[in-house]
*Asks:* 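This is the structure I have questions about; it appears just below.
Chain letters run A, B, ... following the sequence lines, proteins first and then strands; every chain starts at 1. Just so it is clear, the model here is predicted, and its values are computed rather than measured.
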Amino acid sequence: MNPSLTSNPPVATPFFFYGLAAIMIIGGILVITRKNAVHSALALITTLLAQAALYLMLYAPFVAGVQIILYAGGIMVLFLFVIMLISIERAEKERQFNKQWLVGIAAAAVLGGLFITVYTTTTKGRVLFPEGRTSYVDMQNTQGIANLLFDQHAGTYMFAFEIASLLLLVAIIGAVVMAKKRI
Amino acid sequence: MTDPRSLSPLDLETPDKTFLDANELVINMGPQHPATHGVLRVILRLDGEKVLGLECVIGYLHRGVEKIAENRTYTMFNPYVDRMDYVAAVSNGLGYCEAVEKLLSVEAPPRAQYIRVILTELNRIASHQLWLGTHALDIGAITPLFYTFRDREEILKIFEKYCGARLTTHAFRIGGLQYEAYDGFESDVRNFVSFVKPKIDEYEELLTTNRIWLERTKGVGVISGKDAIALGVTGPVLRASGVKWDIRKAQPYANYKNFDFEIPTGENGDTYDRYIVRMMEMRQSLRIIEQAVAGIPEGPIMAKVPKVMKPPVGEVYHSIEAPKGELGYFIVSDGSTQPYRVRVRPPSFVNLQALDVMCRDQLVADVIAVIGTLDIVLGEVDR
Amino acid sequence: MHALVQYIESYLSSDKTPGAAGNFFWATVYVLLVFVGLSIAVIAMNWLERKILAHMQVRLGPMRVGPHGLLQPIADALKLLLKEDIIPDGADKVVFWIAPFIVVLAAFTVFVVVPFGPTHAITDMNIGILFMLGVSSLSVLGIVTAGWASNSHYPLIGALRSSAQMVSYEVAMGLAVVSAILMTSLNESKTGTLSMIGIVQAQFDQHEWFLFKFFPLGIIAFGIFAIAMVAETNRAPFDLPEAESELTAGFHTEYSGFRWSLFFLAEYSAMIAVSSIAVTLWIGGWLRPFPNLLQGSTWDLAFSSVPGITFLLLGAICFYNTARMPKHPLFKIQTLGLAGFGAVLALIGLMMFLPPVRERVGDIFWFSAKVAGFMYLYIWYRGTFPRYRFDQLMKVGWKVLLPTGLALLILTAVVGMRAELLAQVKQVFQR
Amino acid sequence: MPDETKSPPPPPPENEKPTADKPATPGGVKSTPSGSVQSETTTTPSKPSPSSETSTPPKAAAPATPAKPAAPAAAGHPAPPKPAGPVPTPWDSPLVAKYKREYGTGINPLTHLGQNYFEVDRSLIPEILQLLRDDEKFDYCVDLTAVHYPKREKQFDVVWVLYSFQRNERIRVKTQIADGETVPSSVPLWATCNWLEREVYDMFGIKFDGHPDLKRILLPDGWKGFPLRKDYGILQQDNEWVQINLGIESGQ
């Protein structure tokens with residue numbers, strides 16, 4: 001099925017890219033400006049979904065799928081779950097931004113600078129969307145990830161992967177211990 | 001117009017001001033709610049889904065039956081009792097007629113007694129069938145409802161043929177019966193018995209061994225025999241808690257002492273036991289009906305009762321085993337044609353009181369199951 | 001103009017889905033077809049559920065609107081559309097408005113990858129099954145927000161129940177799915193696939209439905225999925241989020257009219273979606289029975305005429321019931337209507353015997369027939385089972401289905417790799 | 001489940017003491033050895049020779065029928081089929097004798113139509129009920145109600161109907177109270193009295209001391225008056241409601 005994709009180059013790439021990027025930015029802004037936490041969460045979900053679509057555009061369908069199933073589907077549901085149990089009325093009366101906004105802006109500026117630097121150094125003297133810039137690997141994305149993780153020779157992230165899952169287990173146990181006084 | 005009831009403060013121990021506090025939730029169930037079997041309002045105090053306590057608000061169906069009785073003659077009041085527990089009208093009528101008969105010191109003739117027993121037991125089956133259908137519906141099984149209604153129809157047909165009414169039958173008169181059994185009454189009843197026996201098995205097939213049914217009913221709404229007695233709970237609910245007490249055996253009325261039947265009891269006092277007890281009771285009722293049909297004597301159907309009834313001064317408490325428990329009538333006569341005071345001891349009313357005890361620390365879904373298993377009829381609770 | 005026609009025609013001889021072939025015209029057509037087909041299926045389900053349930057419960061079901069209530073769904077739809085649309089006073093209007101659309105969008109989007117046939121899918125995705133699970137899990141967002149936005153206790157409890165239920169059953173569901181995906185990798189190249197079409201193709205290549213693969217592992221995995229998918233779609237006996245006797249109508253208590261009908265639509269299309277997953281993963285998707293065993297042109301012809309025969313039979317049933325209609329002037333229109341309906345069905349049946357149609361509808365027919373079997377199961381469950389309690393539901397999910405699923409996954413892997421494992425063990429001993 | 005049905009047990013030996021879980025004595029009417037029990041089906045109550053104590057009831061009037069407002073109607077008719085009807089007769093049994101010894105004239109045991117009851121002085125109520133429950137095992141309060149006699153000085157009869165599973169016996173306890181007088185609550189004795197007392201309060205306005213939550217139960221909280229009192233006018237309530245809510249003079 002790879003030839004089919006290469007033989008049919010994606011259409012209107014800039015259009016979709018800018019559209020999705022705009023959705024993401026608007027969503028992101030809404031996340032921090034909405035006073036109602038549920039609205040924020042919904043905006044965040046929109047952002048995450050747009051991000052998943054961007055992954056698709058990068059020929060990374062597996063990552064896109066995982067993004068949807070884990071972030072938009074799983075984590076955000078839990079988010080909403082918790083938010084609903086918070087008294088919204090009280091939250092709306094509280095001040096939206098506190099003193100840390102300066103720090104926030106500084107961090108955002110640093111991050112933005114980093115992005116710009118990386119972008120300009122890697123794409124110096126080139127157009128933004130050169131034809132065929134993305135070289136579509138012959139291997140499927142899913143298997144590529146599997147190889148990176150588990151392959152006997154190329155699998156360099158096996159340890160990190162396992163350690164991460166252990167960390168998650170510890171987090172789960174910790175949450176149970178903290179939440180339940182008597183098990 | 002403000003309904004004074006709506007202004008009544010919820011008398012809950014810790015009034016919860018904030019909406020949606022994670023700890024406690026007050027939910028108002030009813031009076032219009034699919035699972036309250038009428039206009040019952042239950043105010044639930046929840047911790048998540050766990051019930052911390054509940055309060056029943058009743059009286060939406062109050063018609064002042066006891067007050068009406070004081071303004072009617074003994075005979076005129078007879079149809080009113082049918083409207084209390086309208087799914088077991090025959091039982092209500094039996095209790096009332098027997099109480100007045102006792103006040104008059106008359107006894108219905110044997111033939112009338114037999115027919116009374118047949119009709120009352122048929123009514124017990126009908127009541128239990130209705131209970132089963134609605135109870136199963138509460139727990140989410142929708143199909144038994146239609147099966148039980150299909151079979152209950154046969155009982156109602158017999159009632160209709162006998163006295164012209166299906167629900168509020170007014171089948172009995174003080175002193176005996178108004179109507180002789182119609183031609184084919186006995187064969188109809190026999191046919192019904194043989195018809196319904198496999199049907200009861202059919203209900204059980206759907207539910208008794210169903211895993212979900214077991215999980216939903218076992219250990220739910222447990223009430224110990226001791227608590228049940230203290231709360232005055234009677235009927236199948238009491239028997240399911242292991243108390244082998246049935247007025248038909250303990251203090252036989254009508255001519256129940258002539259019949260051979262058993263009192264099914266449960267052990268754990270949970271919803272499942274109550275279900276099983278009622279299923280068994282239906283079978284026992286069929287046994288009684290079979291014996292009664294076989295033994296109907298010939299003879300008069302009405303005792304000698306004056307046209308204008310003036311029971312001598314005095315008072316009497318008479319109770320019968322209605323499908324829902326002990327149905328008592330406390331009648332005070334002042335010697336006139338109208339009762340001075342009629343007090344009805346409604347089984348549903350008293351049984352409903354146990355709801356709070358039975359639902360503590362259970363989940364919301366169990367409250368529904370317990371309301372269903374108590375087999376309340378709001379017409380009787382509120383009278 | 002000519003180029004356009006050529007562009008349209010070029011796909012007809014293709015052996016790929018329009019999405020994979022990159023044919024936007026046909027992709028659009030397929031999207032529309034799936035959308036219309038789904039809507040019809042939901043409408044038909046509405047009627048069928050009421051009729052089948054009614055007949056299970058010794059009653060007739062809808063009988064008034066149209067012959068045997070055939071027009072009842074349309075009457076219902078009209079009623080819903082004309083109903084007053086109520087938004088509760090304290091509701092969060094925006095969220096209240098968005099919620100049903102989230103649910104509907106999630107329920108419909110999954111059909112992008114549902115393979116009705118090797119070429120009859122909107123598109124084929126590398127991550128097809130993952131996409132389906134992911135997107136269908138988004139519908140819980142709609143349910144949660146709907147319950148929250150209503151600003152009422154019953155919907156809130158319904159929403160909380162729903163989200164807890166869906167999140168926990170998704171895990172077991174995913175494990176069952178993974179064990180089926182493992183089975184796709186049992187070929188020479190040892191590469192499995194997540195693509196919906198690839199999974200069905202793998203079953204064809206392995207000459208076995210995954211239901212019967214590694215007996216009884218396949219059946220157990222299918223069983224886990226079959227239970228989890230009922231819970232996932234909030235249907236009886238797992239219909240706690242909308243438990244009627246407890247929570248009135250659960251998360252959509254405050255919804256009415258059009259918005260409510262969106263929830264209805266979403267629920268039924270979600271049912272069809274998860275059934276499609278089950279059909280694709282375990283019972284051979286579009287494959288007709290015995291595709292490897294009973295090969296040859298005679299068998300092909302026999303099986304390809306089944307759709308036509310089915311429709312003819314349905315038409316015959318209609319005609320039979322037409323003959324049984326009461327001979328009364330009042331029933332004249334109904335009788336005619338039923339006869340007309342039967343005629344339409346028979347006509348469709350006849351059309352399906354035409355060779356070009358016959359060759360193309362076979363896949364869709366078998367797929368739909370299998371899904372319809374699941375739909376019947378849904379109705380059957382609803383007619384039979386009482387409702388689980390919430391804690392019991394969680395218990396079943398976490399304590400029964402999840403461990404079973406995990407063990408199953410490991411077992412499937414071990415059994416699938418037994419040759420290699422044996423070889424390695426032998427190597428160890430030889431040393 | 002078959003194992004949950006018990007075959008009808010043989011009538012238990014007369015002295016068997018049932019446990020708390022199975023206190024009933026099924027299998028028909030039985031008298032306890034004392035012979036004091038008269039079940040309701042016994043049509044001919046035992047009429048022992050009145051003892052010297054019981055022959056002098058404390059109150060002049062016949063217990064259940066003092067100050068009948070409608071009594072004259074009965075006098076007008078001779079009521080041929082029945083004679084005067086059974087009249088309450090003194091009730092005698094070891095239980096009664098014991099209480100009689102203890103409380104003397106404060107307690108008046110009677111039997112009527114085969115049903116036994118005590119007429120108890122208001123002041124003795126808590127004590128007697130406690131004794132009946134604990135010592136005599138009347139562990140089931142069947143009913144609690146009241147009767148209103150407006151022409152009497154002590155207007156209300158409050159009636160407890162009690163049942164003992166162990167004795168298979170039912171008795172009533174009655175006391176007379178005046179309007180405004182309170183009765184000690186029986187909720188600590190029998191939990192079932194909670195709603196029953198609320199209903200009596202709702203219908204008669206009799207207050208029960210120590211009731212945990214004495215408020216109206218069947219009628220709305222805003223209801224005026226107590227409908228089961230004989231002097232309660234229904235039309236008045238109705239008229240008031242239509243005048244306030246509908247703005248018309250009368251709904252009749």
*Asks:* Assign the ring pair C/Phe263 / C/Tyr255 to parallel, tilted or perpendicular, where the plane angle (0 to 90°) is split at 30° and 60°.
*Replies:* perpendicular

*Asks:* Quick check: do A/Met76 and A/Leu42 have side-chain heavy atoms less than 4.5 Å from each other?
*Replies:* no

*Asks:* Examine whether an atom of C/Ser139 lies under 4.5 Å from a heavy atom of chain A, and if so say whether it belongs to the side chain, the backbone or both; otherwise answer neither.
*Replies:* neither

*Asks:* Just so I know, are the side chains of C/Val113 and C/Ile122 near enough to count as touching, which here means a heavy-atom distance under 4.5 Å?
*Replies:* no

*Asks:* With no hydrogens and no angle check, just 3.5 Å: does a side-chain donor-acceptor pair link A/Tyr55 and A/Gln51?
*Replies:* yes

*Asks:* Name the region of A/Leu70, side chain, backbone, both or neither, that has any atom closer than 4.5 Å to a heavy atom of chain C.
*Replies:* neither

*Asks:* Quick one: which of C/Val140, C/Leu133, C/Leu130 has the most heavy-atom pairs under 4.5 Å with chain A, could you say?
*Replies:* C/Leu130

